[in-house]
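Structure first, commentary second.
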2 protein chains.
Amino acid sequence: MHANAKQKVIPLIPPGLKLACSQCNLRELCLPLGLSEGDMGRLDNLIGGGRKLKRGHHLYRAGDPFESIFAVKTGFFKTDVLTEDGRDQVTGFQMAGEILGMDGISTELHTCNAVALEDSEVCLIPFADLEALSSEIRSLQHHLHKVLSREIVRDHGVMMLLGTMRAEERLAAFLLNLSQRFGARGYSPADFNLRMTREEIGSYLGLKLETVSRTFSHFQDEGLISVQQKHIRIMNIPRLKSLLAPADGRIR
Amino acid sequence: MHANAKQKVIPLIPPGLKLACSQCNLRELCLPLGLSEGDMGRLDNLIGGGRKLKRGHHLYRAGDPFESIFAVKTGFFKTDVLTEDGRDQVTGFQMAGEILGMDGISTELHTCNAVALEDSEVCLIPFADLEALSSEIRSLQHHLHKVLSREIVRDHGVMMLLGTMRAEERLAAFLLNLSQRFGARGYSPADFNLRMTREEIGSYLGLKLETVSRTFSHFQDEGLISVQQKHIRIMNIPRLKSLLAPADGRIR
DNA sequence: GTACCCCTTTGATCTGTGTCAACCCAACCA
DNA sequence: TGGTTGGGTTGACACAGATCAAAGGGGTAC
């Protein structure tokens with residue numbers, strides 16, 4: 001049975017009750033990583049409670065004034081940028097413990113849209129307060145910088161993917177990345193439900209939805225995965241990985 | 001001979017001579033932006049002098065321990081990531097006033113290579129010191145965050161380019177971006193020399209060098225630019241811009 | 001419970017860009 | 001000064017992925 005097959009995220013937190021970082025089981029993945037007990041308490045104090053979003057609703061939109069960053073508590077998001085001329089690029093998918101909204105720091109305006117792909121909950125972290133606290137807590141400051149830097153490194157990975165990989169390689173990399181992130185959160189790394197459509201995957205990977213669909217089918221024919229709509233089961237992780245390490249000749 | 005075949009980093013700066021941020025004509029583009037006189041003096045103190053690099057030499061390499069970020073004082077750099085399996089992706093080109101090395105914060109190791117594409121000089125900014133000072137100077141802290149965030153936003157732009165644009169559009173966007181950055185530095189926005197090869201442009205834009213070359217020729221035939229080897233003159237900026245705003249039908 | 005709509009799959013065809021190859025040019029070095 | 005070499009241009013051809021089209025299925029909303 002797939003671990004996270006039908007996860008309806010039911011907001012379990014009674015109104016007024018706020019789950020503190022110090023109690024949160026994501027603290028090893030999230031912002032408080034590496035903080036002492038006491039410091040974590042101070043972080044708890046500035047985090048402005050949770051915010052729940054129904055599937056399809058925007059956490060923020062491009063152009064909104066930037067005030068906070070967000071930590072995903074439960075659920076699943078996508079971020080995308082769209083330009084005047086109608087281009088639309090999905091820039092990432094975020095799951096529990098990941099931070100959203102850091103693009104807004106530079107201009108004081110959000111530069112992309114963040115949409116919940118399932119019912120979700122986030123922690124709201126007022127950025128001015130976070131800066132204030134991080135100037136007092138050096139380990140928090142340093143960790144914040146790491147989180148920002150990690151986002152840059154992640155983006156470089158996406159550039160590599162978009163700049164150098166073929167459709168099969170992109171999809172394999174995408175599945176393996178999801179697999180690894182689900183695994184890190186205690187879910188099955190081999191059996192999960194996609195939260196996004198083929199079109200959203202395609203936008204993220206620089207492919208058309210038909211190509212995404214065909215490539216999934218092709219992987220299935222090869223016995224690498226099994227796909228039924230949004231449900232993915234990875235049958236052969238090593239072989240999927242081997243798709244990313246082309247034989248020596250095949251350097252594009 | 002490969003430019004970067006035999007790179008040795010030779011620190012060439014005459015000992016004792018150091019251009020302070022407060023004197024630097026890049027201060028409005030660079031890290032000290034928005035600092036008071038006094039605070040800028042404190043920043044001067046931590047900046048570890050300059051470092052000169054000959055063309056083709058590495059400022060740092062993937063895997064090097066991360067200690068500093070760098071501000072380009074003069075010259076021109078590229079950054080690239082390469083993977084075990086031989087993929088090579090140029091992730092950016094940096095010119096005066098731009099910051100290099102922020103990818104290294106996350107893992108304490110540099111994750112990409114930075115190579116001087118012409119004889120260049122950088123300021124060395126020890127990151128631990130910068131963190132220490134920025135926890136005392138709020139405006140510096142905030143500006144550092146903006147610089148990190150701006151890099152994220154820039155990367156999103158590259159993703160958009162790689163994910164949604166055709167070759168012509170990519171090249172047009174590339175030229176216009178260079179143009180704008182040269183302009184911001186007081187150089188001609190319409191007349192400049194490329195510092196990188198067609199292959200490096202191609203790697204950055206996710207194209208083969210032949211496609212880059214052909215597209216340049218095509219732009220020239222259309223009267224949009226004139227190209228002679230590395231020298232570019234943009235003849236018609238508005239029409240070049242119009243290539244980026246496809247007619248309504250042409251939404252990919 | 002049912003109807004509708006969006007998502008997905010699959011096929012046929014087209015095309016932009018990659019690939020392979022040959023040649024040219026300019027810069028650099030001996 | 002002439003030879004060498006890396007970078008650039010251009011052509012012919014191939015192919016991965018886009019486009020256009022049609023049909024089926026599952027989830028959602030009512």
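Since the model is a prediction, treat every value here as computed from it, not as a measurement. Letters go in sequence order (proteins before strands), and every chain restarts at 1.
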Just how far, in rounded Å, is C1' of D:dG8 from CD1 of B:I232? 12 Å

How long is the line joining NZ of B:K208 and C1' of D:dG7, in whole Å? 16 Å

Using a 4.0 Å heavy-atom cut-off, does B:S217 contact any base of the nucleic acid, only the sugar-phosphate backbone, or nothing at all? sugar-phosphate

How long is the line joining CE of B:M165 and P of D:dA18, in whole Å? 16 Å

Would you say the side-chain atoms of B:D119 pair up with the backbone N or O of B:K54, donor to acceptor, closer than 3.5 Å? no

Spell out protein contact along nucleotides 20-30 of chain C as letters: B when the base is contacted, S when just the sugar-phosphate is, - when no protein heavy atom is under 4.0 Å; keep the 5' to 3' order. B----------

At under 4.0 Å between heavy atoms, what does A:L209 touch on the DNA or RNA strands: base, sugar-phosphate, or nothing? base

What I want to find out is whether A:R195 reaches A:E200 closely enough, with some N-O distance under 4.0 Å, to be called a salt bridge. no

Whole angstroms only, please: what is the CD1-C1' distance between A:I201 and C:dT8? 11 Å

Which whole-number value in Å describes the distance from B:E199 CD to C:dT19 P? 12 Å

Does D:dG8 have its OP1 or OP2 closer than 4.0 Å to a side-chain nitrogen or oxygen of B:K230? yes

In whole angstrom, give the distance that lies between atom CZ of B:R166 and atom C1' of D:dG17. 14 Å

By side-chain contact (heavy atoms from CB on, under 4.5 Å), B:A114 pairs with (sequence neighbours left out) B:L59, B:Y60, B:T79, B:L100

Would A:Y204 and A:F93 count as a close aromatic pair, with their ring centres under 6.0 Å? yes

Under 4.0 Å between any heavy atoms, over every strand shown, what does A:G206 touch: base, sugar-phosphate, or nothing? Just pick one. sugar-phosphate

Is a side-chain donor or acceptor of A:R87 paired with a backbone partner of A:D85 at a separation under 3.5 angstrom? no

What's B:S213 touching, base or sugar-phosphate or nothing? Going by heavy atoms closer than 4.0 Å. base

Could you tell me if A:H231 and A:D191 have a donor-acceptor pair between their side chains, going purely by distance under 3.5 Å? yes

If I take atom CG in residue B:L171 and atom C1' in nucleotide C:dT17, what distance separates them, rounded to the nearest angstrom? 13 Å

Check this for me: does any side-chain nitrogen of one of A:R185 and A:E98 sit under 4.0 Å from a carboxylate oxygen of the other? yes

B:L117 CG to D:dG7 P: how many Å, rounded? 12 Å

I want to verify a distance call: between D:dG7, D:dA18, C:dT8, whose nearest atom is closest to the B:T197 side chain? D:dG7

To the side chain of B:T211, which of D:dG8, D:dA18, C:dT17 is closest? C:dT17

